[in-house]
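In what follows, a single structure is set out as C-alpha cells and then discussed.
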Amino acid sequence: MAQKAGKHYTPPMSYVQEAHVPVTRMQAAGRRSIVLSARAALALLLLLAFLHGALYALFLPPWGLIDEAQHLHYIQYIAEQQALPVAGELYLSDEIVDSLFATRRWQTFHWAPPAAHDPQLMGLEGHSYEAYQPPLFYLLMTPLYWAFPQDMLVKVYGLRLMVVLLSLIPVWAIYRTARLLLPQFPRFSQLPFWAGLLLVAIPERAIATSRINNDVLLEVLAAIFVMLLTHAAVAGLTSRRAFLLGLLLGLAVWVKIPAGLLGIPLLLLLWLHRHERGWMSKAGWILVAAAPLGGALALRNLWLYGDLTGFSAFDQLHRLAPVDPSLGGFVRVLISLPNHLWLVWWKGSEVGGNGLLTAFYLLMALVVAGAWGTLLLHFRRTPHDARRAVALLYALTVLIYAFAVVGSYYEGMVPVIQGRFLLPALLPFVLLLVWGLWLTGRGEAILLGVVVLLWGMGLFSLFGNLVPYFYYWSDVVQGTMPAASSTLWQEVLWTYQRALLDKPSFLAPLLLLLPLCYVAALIFTFIVTLRAMTPLRHQQAGEDHLLVHP
C-alpha cells in the first residue's frame, strides 16, 4: 500500500531492518561531522578492553586465587601426555610446584608455605583437582602452550594474554547485540558503544578474564549464544538459528557444566514461538545439535566418576565450605551477590571491606534498581513492544545464574560468592542496565557517571589494594621492610621492583609502557564520549555529531 488517506505511508520496519538503516536517513539536514565510525568505535572498545585486561594479567602475581596452577596443569598434561587427565590421584607437575616455590606464592598471599616441595604433602592445593572439568578450554589452549618457550612463568603470562584476547569476543558480541536490539535511531545511536564501555569497565570481569581459567571461554560462548538468542527473538527463530543455538549450548557444556542453564531461556524462546509454523522441527534442530554433545559428556563423566557432572571427583578431595544457615547469613549472601558482580575486595583469599566500598555497592544497587524499574514501567506502558520478549529472556538468564550461584554457596561448593560465576549472564545483565538507564531521560549522563565510577574503583582496587598487598605489605608482614619507613615514592619504587621478581624479565619494560598506553586510550575514549554527548551546540551551527555511523 503506497498511500493512505492521501498521505505517503510506509509500513513499519522490523527491528532488524531498522538496525541496518543508515543514521543519515534519520538525521536532520545540514552539514554533518562524524566523530567515529561504527568500526572505529568498536576498534576503540576492543583496544581499551585489551589494555584493561592486560593490566590485571601482567601486574598480578602468577598462580592466582582462581586455581591457576590446576588449570595450567590440565593444559600441560594434555600437551605432554596427549591424553585427558582424570581427577582423583593426579597431582601437580614438578615444574609447576617448583615455580610455586620459586615465586614465593604463599608469602605473596601472606600464607604459611608448605613444608616440602612434594605435592602429595600440600593438601588439596597439590592435587590437579580441575581435571574433572570438561576439556574444551584446555584443548583450545594446548597449541598455545606448545608455542611458548619452556619457562613456566613465560607460559603463565603468555597464556594470560591469550585469555585476555579471548575475552574481547564478548565485547564484540555485546556491541553487535546492542545494535540489533536498540536500532540506530538518534535516540539510541550511542547505546552499543555505552554497552561495550560499561562491560569493559566492570573490575570483577577484568580480573576474572585476565588469568588462566575456563570461565573465560564460557563467557565467550554464552555471549555469542545471547547474541543469537536476541536475533532469533527479534527476527524470528529459523531452523538454522535453532541449530546454531543448540550447537553453542552443547559446546558451552563442554567448557563448564553450569552452561547447561542456558537451556532454560532457550526453552522460553521456543515457548514464545510455539504458535509459529514448524515450531516442532525447530525444537528438533536444537536437540540434534545439543543432545549428542551433552549426552557424550554425561556418559564420559558417568564412566570416569560415576556421576553426570564429574564434580564428585573434586568433592572427594576437599571439605565442604562452612555455611551460615541463619536468616542474617542468607541476607548477607544475597547482598554480596550483586556487590561481588562489580568488585570483590580481595585480601589474600579473604574478602575485605571499607567505607568507600560500602558506598560504592550502595550506589550501584540504586543504579541497578532504577534501571530495572524504569525498564519494567516502560514495558507496562508499551505492552506490544516486540523487545519485551527479549527483556524477559535477559532477565530470566540473569536470575537463573543468580539462583545457581547462591545454591552452589549453600551446598558448600564455593567458600565465597564471586562475580566470575555470573559471567555467562553478564552480557544480558549489562544490556538491561544500559537499556533501562537510557530510558530514564538522562541516560548518557548517568551512564558516564557509572562508567567513571567503575573505572575509578577498578584502578583503586588494582593499584591501591591488590598490588600493594602482594608486593609491599607482604614484606612488611614478614619483617623484611618496616612500615612507614620511607616516602611514598620510595614505597612505589619498592613495590614495582618486588613485582618484577616473580615475573619473566621481558615484562619489565611492559609494566612501564602498558599503564601509559592504557591511560592514553582511556583519555581518548572519554574525549570522544564527551564530544558525542554534547550535540546541541553543533546542531545549532548546522552540524550533527554522532559517535557511531554504521
Can you confirm if the aromatic rings of F470 and F109 lie within a centre distance of less than 6.0 Å? yes
Is the side chain of R160 donor-acceptor paired with the backbone N or O of A57 at a distance under 3.5 Å, no angle test? yes
Checking ring-ring contact (aromatic ring centres under 6.0 Å, His included) between F379 and each of Y394, W435, W372, which is the one that passes? W435
P134 vs V255 side-chain heavy atoms within contact, under 4.5 Å: no
Are the side chain of N213 and the backbone N or O of H71 linked by a donor-acceptor pair below 3.5 Å? no
Side-chain donor-acceptor contacts of residues 411-431 below 3.5 Å, not counting sequence neighbours, with atom names and distances?
residue, atom, partner, partner atom, Å
Q418, OE1, R420, NE, 2.8
R420, NH1, D215, OD2, 2.6

Residues passing the ring pair (Phe, Tyr, Trp, His ring centres under 6.0 Å) test with F403, sequence neighbours excluded, are none
Y56: which residues meet the ring pair (Phe, Tyr, Trp, His ring centres under 6.0 Å) condition with it, sequence neighbours left out? H52
Name all residues meeting the side chain to side chain donor-acceptor pair (under 3.5 Å) criterion together with Y469; count only those two or more places apart in sequence or in a different chain, and write none if there are none. H110
W345 and ring-ring contact (aromatic ring centres under 6.0 Å, His included): which partner among F460, F360, Y361? F460
If we only count heavy atoms from C-beta on, is the V368 to W342 side-chain gap below 4.5 Å? yes
Flag, side chain of E68 to backbone of I212, donor-acceptor distance under 3.5 Å: yes
Contacts of T177 that satisfy side chain to side chain donor-acceptor pair (under 3.5 Å) - sequence neighbours left out: none
Do L453 and M364 have side chains that approach each other closer than 4.5 Å (heavy atoms only, starting at C-beta)? yes
List for me each residue that meets ring pair (Phe, Tyr, Trp, His ring centres under 6.0 Å) alongside F463, sequence neighbours excluded, and say none if there are none. F59
Taking side chain to side chain donor-acceptor pair (under 3.5 Å) as the test, write out the residues that go with R211, two or more places apart. none
Can you list every pair that meets salt bridge (Lys or Arg N to Asp or Glu O under 4.0 Å) and has a residue in residues 457-474, with sequence neighbours left out? none
Do any pairs count as a salt bridge (Lys or Arg N to Asp or Glu O under 4.0 Å) and have a residue in residues 446-461, sequence neighbours left out, and if so which ones? none
With sequence neighbours left out, what residues match T309 under side chain to side chain donor-acceptor pair (under 3.5 Å)? D307
Heavy-atom pair with the smallest gap, counting every atom of V164 and A54: CG1-N, 4.0 Å
Show every salt bridge (Lys or Arg N to Asp or Glu O under 4.0 Å) that has at least one partner inside residues 264-274, sequence neighbours left out. none
According to the side-chain hydrogen bond (donor to acceptor under 3.5 Å, both in side chains) rule, which pairs have a member within residues 447-464, sequence neighbours left out? W455-Y518
